[in-house]
Amino acid sequence: MVVPSPSPIRSKKTKAVGIPVIDLSLNRSAIAELIVNACEDYGFFKVVNHGVPKEIIGRLEEEGLSFFAKPSSEKQKAGPASPFGYGCKNIGFNGDRGELEYLLLHTNPVSISERSKAISNDPTEFSCAVTDYIQGVRELCCEILDLIGEGLWLQDKMVFSRMIRDVHSDSVIRVNHYPAVKDVKEWDPCDPIGFGEHSDPQILTILRSNDVPGLQIRLRDGLWVPVPPDPTEFCVFVGDALEAMTNGRLMSVRHRALTSSVKARLSMMYFGAPPLNAWISPLPDMVSPQKPSLYRPFSWVEYKKAAYSLRLGDRRLDLFKIN
Ligand code: GA4
């Protein structure tokens, strides 16, 4: 079922469109088709009845809030984010900045339990909250990827989810905290940006936020659409690797986060990624004489290196285009 979203937040140069909201409890083949349509048209959709327990989401949210409430000197002990750990206003290594602080963690269980020691006074509690959350959203991510495989009528429907389920998957988790700004006002293009325009390099991103607006997605025609926040839903973003593997049929969506609220925004993202040594290339099912390969094969480690050598907003997939 596609539910038209409510009216967008106040903001300049944006448009009200019905962002697809997909009910995962409905008929499988119908959902698979709706998801593929949403990924082609927007590279983005929301899911309801997703099956991730509220309690698991709430525990990570609480852990995030209590970490960000600590004095700066305490938080710095978990930083700098290089790329993993605590980061404040710096994004990546090439001068990108945003009005936010964040925790960025690799999803590898050993790495989580190591990092937790610098993040929380109760590292076991923190690492359990993160691990349970990862387990929940990884399942959701794989379920959606299998539905995409079905909706695309792929021979190997689990080709995407297998990369995420691999023990060596390079998936990461991020908790972003956008502090409140003092006045409620119309967003101004000169305002400091929370997290600048970009696409996600990975296969699929699963985002959950509190009830504070700020997220916007960019349509093919360049218009920005505010995404109404709903803590009970998850937002799903097509990443660059999925665009490449589907030979450009699914679109990796450009998005950004604005800061213009009286209340702090907290978002939690799971970035589903392949193992470092995995090869990314257009799937044979997605290539034909009419639709030749748009991208040359590349390894995930090569793509990551390219991403970290460029600016946040750069179109890094263009580097891998054939002609
Ligand atoms: C965008 C998606 C994820 O948040 C992220 C980001 C990463 C980072 O913040 O360290 C990057 C950015 C993201 C894309 C280009 C590079 C890498 C910052 C940056 C300038 C964790 C990711 O994987 O890529």
Side-chain angles (χ1 to χ4, degrees), residues 43-44 60 64 68 75 78-108 111-112 115 119 130 133-134 137-138 141 163-164 168-178 193-209 214-218 227 234-244 251-259 265-276 278 280 298-320:
F44 179 87
L60 183 60
F68 293 120
K75 292 186 278 194
S82 56
F84 300 119
Y86 169 71
C88 185
K89 299 194 179 181
N90 287 316
I91 300 169
F93 306 124
N94 299 310
D96 286 291
R97 290 180 69 76
E99 283 304 306
L100 85 163
E101 52 179 344
Y102 60 88
L103 279 171
L104 186 57
L105 305 171
H106 197 280
T107 56
N108 174 301
S111 149
I112 291 192
R115 289 268 168 202
I119 296 173
V130 178
Y133 185 82
I134 290 171
V137 288
R138 186 203 289 123
C141 181
M163 290 178 159
I164 311 288
H168 299 297
S169 152
D170 188 42
S171 300
V172 294
I173 182 133
R174 168 169 215 143
V175 184
N176 284 347
H177 179 244
Y178 300 91
I193 201 107
F195 204 107
E197 171 180 352
H198 67 287
S199 63
D200 293 340
Q202 292 83 0
I203 299 175
L204 205 72
T205 303
I206 309 286
L207 173 147
R208 187 268 182 187
S209 83
L215 175 64
Q216 296 195 338
I217 59 163
R218 192 176 185 272
V227 178
F234 280 99
C235 294
V236 183
F237 304 70
V238 172
D240 298 342
L242 189 54
E243 174 166 333
M251 176 187 87
S252 95
V253 59
R254 295 183 72 78
H255 54 283
R256 65 186 181 188
L258 306 180
T259 53
R265 177 163 180 266
L266 191 91
S267 59
M268 319 196 286
M269 278 128 305
Y270 170 81
F271 301 95
L276 287 174
I280 309 295
F298 52 87
S299 68
W300 174 242
V301 70
E302 186 185 358
Y303 197 67
K304 262 188 82 167
K305 276 186 193 150
Y308 275 102
S309 71
L310 298 169
R311 297 294 298 261
L312 178 64
D314 287 338
R315 292 177 188 269
R316 55 196 90 87
L317 201 49
D318 287 353
L319 295 180
F320 300 85

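Every value quoted in this text rests on a predicted model; they were computed, and no experiment measured them. Numbering of ligands and ligand atoms starts at 1, following listing order.
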Below 3.5 Å only, please: the N or O atoms of ligand 1 paired with protein N or O atoms, distance on each line.
from: ligand 1; atom 1: 4 (O); to: Arg174; atom 2: NH1; distance (Å): 2.8
from: ligand 1; atom 1: 9 (O); to: Arg174; atom 2: NH1; distance (Å): 2.8
from: ligand 1; atom 1: 10 (O); to: Tyr308; atom 2: OH; distance (Å): 2.7
from: ligand 1; atom 1: 23 (O); to: Gln202; atom 2: NE2; distance (Å): 2.7

* Is the ring centre of Phe44 less than 6.0 Å from the ring centre of His255? -> no
* Asked: Has the side chain of Arg254 got a donor or acceptor atom that lies under 3.5 Å from a matching backbone atom of Gly313?
  -> yes
* Is the NZ or CZ atom of Arg174 both under 6.0 Å from the centre of the six-membered ring of Tyr102 and within 45° of that ring's axis? -> yes
* Among all residues two or more places apart in sequence or in another chain, which pass the side-chain contact (heavy atoms from CB on, under 4.5 Å) test with Ser309? -> none
* Quick one: list whatever passes side-chain contact (heavy atoms from CB on, under 4.5 Å) with Asp314, sequence neighbours left out. => Leu310, Arg311
* Asked: Can you list the residues that meet the side-chain contact (heavy atoms from CB on, under 4.5 Å) rule with Lys89, with sequence neighbours excluded?
  -> Arg97, Glu99
